[in-house]
Amino acid sequence: MAEAGGDCEVDVLVVGGGPVGLTARALLERWGVRVLVVEKHRELSPFPRSRLVNVRSMEIFRQLGLAAGITARAFAPEYGRVRFRDTLHDRDFATAAMAGVHDPVPVSPVTGVVTSQDRLEPLLLGAARAPVRFGAELTGLAEDGDGVTAVLRAGEGGAEARVRARYVVGADGAHSTVRGLLGIGTTGPGELGAVTTVVFDADLGPWRARQPAGVYFTAHGSFMPLYPEGGWAWFGPTPEDTAGTDWARLVADALGAGAGAGAGAGAGGGLGVGTGSGAGPGPRVLRVQHWVMNAFVADRFRRGRVLLAGDAAHAVPIIGGLGMNAGIADVHNLCWKLAGVLRGWAGPGVLETYGTEREPVARRTLDEAVANTRQLVQVQNRLREQARAGGAPPEPAELPWSDRYFAQLGLVLGVTYRSEAVLVGGGEEEEMLREGVDGVPVAREGADGVPVVPSVQSVPSVEYVPTAGPGRRMPHLWTADGRSTIDALGEWFTLFTPDPAGWAGRDDGPVPLRVEPLPGEHLDACGIGPSGALLVRPDGHVAARWPERPADGDPLRRGLAAITGAAAP
C-alpha cells in the first residue's frame, strides 16, 4: 500500500482505515465506485480494541464473502458469554449469554462472533483492491459545486497532496478531523472517564477453557481473552499516577488470590500466571494504552458532500460491543445511496435519508450503552466497597439488567427506517400505530387532525419479532433453492414475490433490480398474497410492500423512482 502519494481524483474518499472505513471501501468497490481510503497511522492498528462482531454485522460480512474467514479466526461460540465476579479468580455471581453469539438464532442464517479488531481488520483490508494510503493525515477540506478537495500530509512535516472526490466519508473515529473541519458539534454525556488497557500474557488457558467467556467483569477492572491461542487484556479506570503504576501488580491484584499458586481451574483453584509457557511470578505486561471513553452523537451526519460514519458520527461506550457494529450498519445504509447518485439512478436527495434513518438509531444505541455502562460501574464500585469493608461475597444471582443488556437482537435486527427511501401505505401506518407498544413511533396529531407518524426509527432493545413491514430488515426465510432471503440480497434491489411471471417486465429502468421467487409458505410472514411482492433495498431493509399486484400502471417503477429520489417516469 502506498504512503501519502500524489494528487488524484476518485468518486469517494474515505477518511479512516478502521473497520468502518474498510467496510465502506469493500461495499463501494462492489458497486464499481472508485474509492480511496486514507489513514493517518502507518499501519493497521496492532491493538485488540473492539471485540464483538454481532449477528447483523456478520450478515453484512456474509454478503462480502468474509463471514467464514472471520469465524475461522474467532473464538468458539461458548465464549459468547459474559461473567460477573469479584476478581477473576472468584466464582460468578451473575452471567449472561450474548444473544446471537453464544448460540445460533432462528432469525438469522449466521452467528455473531467474539474476536479482536486486529484479527478483523486484515480480512477487511484484503476484501477489496481499492487503494489505501497509510501515513496520510487529512489537514483540509474545501467543497465546491462539483466535489470536494481534500489536503493530505504525509506524516509530521511531510509533503502535501490533494485528492479530488465527488463525496467524502469521514470514518476517522471519535476525535474526527473531518467532523472538526466541518464544524459539526456533538450532543451527549461526552467524556465518561479515562480508561487504560493493559495487554498481558499469562498461563490461564486450562482455567479459561473450563469457564469460557468473551468478557469477565470484575470489581477491579475487566478481563478479555484476546485470541483463541492465548493472550489477555485488562481494562479499567486509569490511575492518577500512571508513571508510577506497577501494571503487572495491578493486573495480578485483579486476577485475585491464588493467581500465582499454580495451574488450576474453577473456584478455589489457583490460576497459573506467567509468560504463557508456564506458571510464573506474575503477568507479563506487553503493552499499555491510555484512552478516553466517549459518549456522544454528532449533531448532524452530513454537510454538503461530506458524510460522517462510525465513531465520527456516534461514539458509544465499549461495554456491549455496540459501537463498531453500529458503524458497519451506517456504511451499509450509506454506500448503496452513494453508488446510486454516482451512477445516475438515484437523485442527490437520497443522501438526506442517511442521517434521517441512522441518527435516531445512534441516539437509541447511545442511550442503551451509557445507561448500562453506568450500572456496571455502580456494581463494580459496590463490590470494591464491600471488599474494603470485609463483607461476604455476593450470592450467585442474575443482575436485574443483564438480560436487557446482552439480549439485544431487537436493537441490532429490529431497526425500522422511516424516510423518503421507504414507501408506507395507509394500512401500514395503522399497523405502526397498533405496534406502538413495541417501540414503533406513536403517531402525533397533525394540524388537520390526521395522525402523522414521526420520521424516526423503531429500535426495541430486547425482543426481535421478524416482520416484513416497510422499513424493517427483510426477515431471514429459507427459499426453495436452500438459500436464505438474506443471501439473495446484493448490489441491487430485490423483488421477492410468489408470482415472478406476473411482475416480469414491470420495470426496465436504470435501477439495478432482481426478481426472486418467494415460496408460498412465507406469504403470511411477509404480509402479502399470491400476487403480492416485497421490494427490498440493497441494505436489506424493505422499501415497499404490495399485498397484491395492482391491476393498472407500473407501481414498481414508480416506487423505485420515489425511493431513489430519481425523476418520476
Side-chain angles (χ1 to χ4, degrees), residues 27-28 31 33 63 167 301-302 307 329-361 415-429 431-432 441 453-458 467-475 485-486 488-497 503 505-516 518 526-528 532-550 553-569:
L27 290 167
L28 288 168
W31 282 100
V33 172
Q63 181 179 336
Y167 291 93
F301 282 22
R302 178 192 180 197
L307 304 104
D330 286 344
V331 293
H332 196 221
N333 178 293
L334 174 61
C335 286
W336 73 265
K337 299 172 182 178
L338 282 170
V341 174
L342 290 164
R343 294 292 171 261
W345 50 261
V350 74
L351 297 177
E352 279 299 309
T353 68
Y354 167 62
T356 301
E357 293 179 348
R358 291 302 302 168
E359 183 180 342
V361 179
V415 171
T416 302
Y417 292 147
R418 294 289 174 235
S419 74
E420 296 298 319
V422 176
L423 301 184
V424 180
E428 286 153 346
E429 288 184 358
E431 179 182 342
M432 290 172 62
V453 177
S455 180
V456 295
Q457 279 76 341
S458 163
T467 174
R472 297 294 294 268
R473 161 189 168 274
M474 177 66 191
T485 48
I486 303 297
L489 309 175
E491 294 75 57
W492 50 80
F493 282 76
T494 306
L495 188 76
F496 290 99
T497 176
W503 287 84
R506 287 197 165 230
D507 178 75
D508 57 358
V511 181
L513 175 71
R514 293 188 182 182
V515 179
E516 289 282 341
L518 186 70
C526 292
I528 61 175
L534 291 175
L535 180 63
V536 181
R537 307 185 327 185
D539 62 359
H541 283 255
V542 178
R545 177 168 61 181
W546 293 277
E548 298 291 348
R549 184 178 65 250
D554 191 345
L556 179 56
R557 193 169 195 183
R558 291 196 306 271
L560 285 168
I563 291 160
T564 61

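Atom set for the values below is all heavy atoms of this structure, side chains included, hydrogens, waters and symmetry mates excluded.
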Just so I know, are the side chains of [X] and [Y] near enough to count as touching, which here means a heavy-atom distance under 4.5 Å?
X: Trp31; Y: Pro538; value: yes
X: Leu495; Y: Val536; value: no
X: Arg549; Y: Thr497; value: no
X: Leu518; Y: Cys526; value: yes
X: Leu489; Y: Phe496; value: yes
X: Leu556; Y: Leu513; value: yes
X: Leu307; Y: Leu338; value: yes
X: His541; Y: His332; value: no

For [X], give me all partners under side-chain contact (heavy atoms from CB on, under 4.5 Å), at least two apart in sequence or on another chain.
X: Glu352; value: Arg302
X: Pro555; value: Trp503, Arg506, Trp546, Pro550, Arg558
X: Ala329; value: Arg358

Just distance, no hydrogens or angles: give the donor-acceptor pairs under 3.5 Å from side chains in residues 339-351, sequence neighbours left out.
unit_1	atom_1	unit_2	atom_2	d
Arg343	NH2	Gly32	O	2.3

Closest approach of Ala544 to Ile563 (non-hydrogen atoms, all atoms of both residues):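 Heavy-atom minimum between the residues: CB-CD1, 4.5 Å.
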
Sequence neighbours left out, what passes ring-ring contact (aromatic ring centres under 6.0 Å, His included) with Phe493? Give chain and number order. Trp336

Test salt bridge (charged side-chain N to carboxylate O under 4.0 Å, His left out) applied to Arg537 - qualifying residues, sequence neighbours left out: Glu357, Asp539

If only side-chain N and O atoms count, and only distance matters, is there a donor-acceptor pair under 3.5 Å linking Thr494 with Arg514? no

Atom [atom1] of [X] and atom [atom2] of [Y]: how far apart are they, to the nearest 0.5 Å?
X: Thr467; Y: Arg473; atom1: OG1; atom2: CZ; value: 11.5 Å
X: Asp330; Y: Tyr354; atom1: CG; atom2: OH; value: 4.0 Å
X: Leu27; Y: Leu334; atom1: CG; atom2: CG; value: 9.5 Å
X: Asn333; Y: Ser419; atom1: CG; atom2: OG; value: 8.0 Å

I'd like to check the side-chain hydrogen bond (donor to acceptor under 3.5 Å, both in side chains) partners of Glu548; sequence neighbours left out, ordered by chain and number.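 Glu548: side-chain hydrogen bond (donor to acceptor under 3.5 Å, both in side chains) contacts with Ser531.
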
Go through the steps for Val422 and Thr416 under the test side chain to side chain contact (heavy atoms under 4.5 Å, CB included), then give the verdict. CA-CA 10 Å; Val422 176; Thr416 302; over 6 Å; no

Neighbour count >12 (heavy atoms, 6.0 Å) for atom CD, Glu491: yes

